[in-house]
A.B. asks: 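Before I ask anything, here is the structure I am working with.
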Amino acid sequence: MAVFWKAMAGGLLLTLSLTLLGWGAVGQGNGRDKKKVSGGSTVYLGQDRDIWRPLIHTTVNLSEISSIKSSFQFRTFDPEGAIFYGDTKHGKDWFILSLKDGIPLMQISKGDIHISVAGGAKLDDGKWHTLEVSNQGEFVALEVDGSNGLVVGMQSKETNEILSGELRLALGGILIDKDMMIVQFEPQLDACVREGNWLNLSVPWDTEKEELWPCYENVQPGSYFPGTGFAIFNTSVFPMEADRGVEVEFWGGFSKMDGTILSIRAPGQELMFALVANNNTKEVTLTYGKETISMKDTFRRLLITFQTDSLLLLLEEDELRSTRSSFPVNHPGDYLTTWRDGRLAVGGLLGEGDDNVGSRFLTGCLKKVQIQGRDLDLDLAVKHTSISSHSCPA
């Protein structure tokens with residue numbers, strides 16, 4: 001689907017094309033200096049940082065630009081996040097390309113004009129797609145795999161001006177206040193880019209990271225935990241019905257996991273719940289207050305239902321084999337209060353304090369997590385570190 005806007009030639013159209021410059025995965029430098037990143041390499045945009053801070057960025061003089069066409073390859077299972085950003089006049093005029101609901105979204109602000117356009121095929125299918133941005137006369141076109149995705153133009157009452165000065169570019173974040181955006185979105189993006197061809201420029205990019213994370217050669221849907229981080233949620237954000245209890249559901253290859261899958265704790269209370277996989281014993285252990293339940297790790301799906309006086313388990317090995325169990329429990333306090341006021345961690349064991357320090361981190365891939373029947377997006381966590389939120393190595 002293409003969306004057309006009446007266009008004008010000139011400044012912003014060039015700026016849109018300029019926003020596609022190159023980056024790479026090899027950094028140089030030491031100490032507190034910014035690292036220089038070469039162009040043309042493969043980069044993982046989901047690396048840990050402040051969620052709105054770009055992973056890499058650069059500044060160029062507009063006088064150095066000689067090309068108005070750029071292309072790159074892009075791969076993700078993540079439906080939402082920032083791909084790249086560009087601006088002139090130190091952020092007065094700006095451009096953002098992102099995904100929302102898996103669909104490309106372009107937002108443009110120049111002078112008295114503000115435009116938001118979304119359309120084209122969904123790109124969150126885990127396949128490599130070639131994206132090209134070019135200036136086609138009076139229009140700027142975004143092509144996806146050789147077909148038109150979006151065509152955008154603008155008409156302003158302001159007098160066209162000759163662009164001069166500097167152009168700021170950023171990948172994986174933005175350099176303006178997020179409240180200035182026309183359409184709000186979550187910025188974190190579990191995605192890879194590669195094979196950039198950027199306006200015939202070889203300008204280096206800067207990053208504050210000591211080392212950039214690589215991309216996996218092949219990926220599958222899920223959330224990957226490398227054993228160094230976890231995701232934390234406030235349990236109050238999840239709907240709660242006393243007569244229904246609380247349902248938490250996991251899909252994955254439990255025999256390949258090791259570490260804490262889930263833990264729940266309320267401030268000032270003992271750990272309410274922990275689900276831990278042990279790759280040495282080939283067991284998954286569920287600890288609920290003083291109760292402990294051990295299970296063989298041969299299942300692919302686990303549904304846990306917390307009720308007032310019992311704990312219900314459904315273990316599914318395949319479509320034909322499943323086991324249901326019910327266990328009476330003595331709760332370590334009011335579990336309804338714990339759920340309303342507590343914290344829930346996926347991939348790590350919550351500590352006693354409020355500093356969100358964890359331990360016994362999970363190594364492995366969770367293909368899906370649901371709470372109260374709804375998919376859990378780890379990008380919406382209060383805090384998450386060292387996690388690929390929407391992809392696992394295949």
A.B. asks: Does K100, at its NZ atom, have more than 12 non-hydrogen atoms belonging to other residues, nucleotides or ligands within less than 6.0 Å?
C.D. replies: yes
A.B. asks: Quick check: does any side chain N or O of D377 sit under 3.5 Å from a backbone N or O of D379, one acting as donor and the other as acceptor?
C.D. replies: yes
A.B. asks: Take a 6.0 Å sphere around NZ of K282 and say whether it holds more than 12 heavy atoms from other residues, nucleotides or ligands.
C.D. replies: yes
A.B. asks: Is a side-chain donor or acceptor of R265 paired with a backbone partner of M272 at a separation under 3.5 angstrom?
C.D. replies: no
A.B. asks: Report yes or no: is the cationic atom of K368 (NZ for Lys, CZ for Arg) closer than 6.0 Å to the six-membered ring centre of W251, at no more than 45° off its axis?
C.D. replies: yes
A.B. asks: Are the side chain of D318 and the backbone N or O of R321 linked by a donor-acceptor pair below 3.5 Å?
C.D. replies: yes
A.B. asks: In a check of salt bridge (Lys or Arg N to Asp or Glu O under 4.0 Å) between D206 and each of K35, K36, R168, which one passes?
C.D. replies: K36
A.B. asks: Evaluate side chain to side chain donor-acceptor pair (under 3.5 Å) for D145 paired with H129, printing each intermediate quantity in order.
C.D. replies: CA-CA 6 Å; D145 298 326; H129 295 279; 2.7 Å; yes
A.B. asks: Could you check whether F306 and Y288 have their ring centres less than 6.0 Å apart?
C.D. replies: yes
A.B. asks: Verify whether one side chain among N278 and E283 offers a donor that lies under 3.5 Å from an acceptor in the other.
C.D. replies: no
A.B. asks: Say whether, by atom type as modelled, one donor and one acceptor occur between the side chain of T260 and the main chain of G347 under 3.5 angstrom.
C.D. replies: no
A.B. asks: Would the distance check show the side chain of K209 and the main-chain N or O of D48 forming a donor-acceptor pair, the cut-off being under 3.5 Å?
C.D. replies: yes
A.B. asks: Please answer whether the main-chain N or O of E247 pairs with a side-chain N or O of Q372 as donor and acceptor at a distance below 3.5 Å.
C.D. replies: yes
A.B. asks: Looking only at the aromatic ring of each residue, does the gap between the centers of Y44 and Y216 stay below 6.0 angstrom?
C.D. replies: no
A.B. asks: Counting only heavy atoms from other residues, nucleotides and ligands, does the tally under 6.0 Å from CD of E217 exceed 12?
C.D. replies: no
A.B. asks: Test: salt bridge (Lys or Arg N to Asp or Glu O under 4.0 Å). Region: residues 296-308. Which pairs qualify, not counting sequence neighbours?
C.D. replies: E249-R301, R300-E316, R301-E316
A.B. asks: Is there a donor-acceptor pair under 3.5 Å between the side chain of T235 and the backbone N or O of G342?
C.D. replies: yes
A.B. asks: Any pair with a residue in residues 177-190 that passes salt bridge (Lys or Arg N to Asp or Glu O under 4.0 Å), sequence neighbours left out, goes on the list, sorted by first then second residue, please.
C.D. replies: none
A.B. asks: Hey, are the side chains of L189 and T76 touching, using non-hydrogen atoms and a 4.5 Å cut-off?
C.D. replies: yes
A.B. asks: Would you say the side chain of R374 lies within less than 4.5 Å of the side chain of F238, judging by non-hydrogen atoms?
C.D. replies: no
A.B. asks: Is there a donor-acceptor pair under 3.5 Å between the side chain of Q107 and the backbone N or O of F95?
C.D. replies: no
A.B. asks: Can you tell me how far the CD atom of Q220 sits from the NE2 atom of H390, to the nearest 0.5 Å?
C.D. replies: 14.5 Å
A.B. asks: Determine the minimum heavy-atom distance between F230 and I387, stating which atoms define it.
C.D. replies: C-CD1, 3.3 Å
A.B. asks: With rounding to the nearest 0.5 angstrom, report the OG to CG distance, S223 to L376.
C.D. replies: 8.0 Å
A.B. asks: Show the nearest heavy-atom pair for residues I83 and L171, with the distance to one decimal.
C.D. replies: O-CD1, 3.3 Å
A.B. asks: Verify, without hydrogens or angle tests, whether S322 (side chain) and L315 (backbone) share a donor-acceptor contact under 3.5 angstrom.
C.D. replies: no
A.B. asks: For the backbone of P214 and the side chain of Q47, can you confirm whether one donor and one acceptor N or O come within less than 3.5 Å of each other?
C.D. replies: no
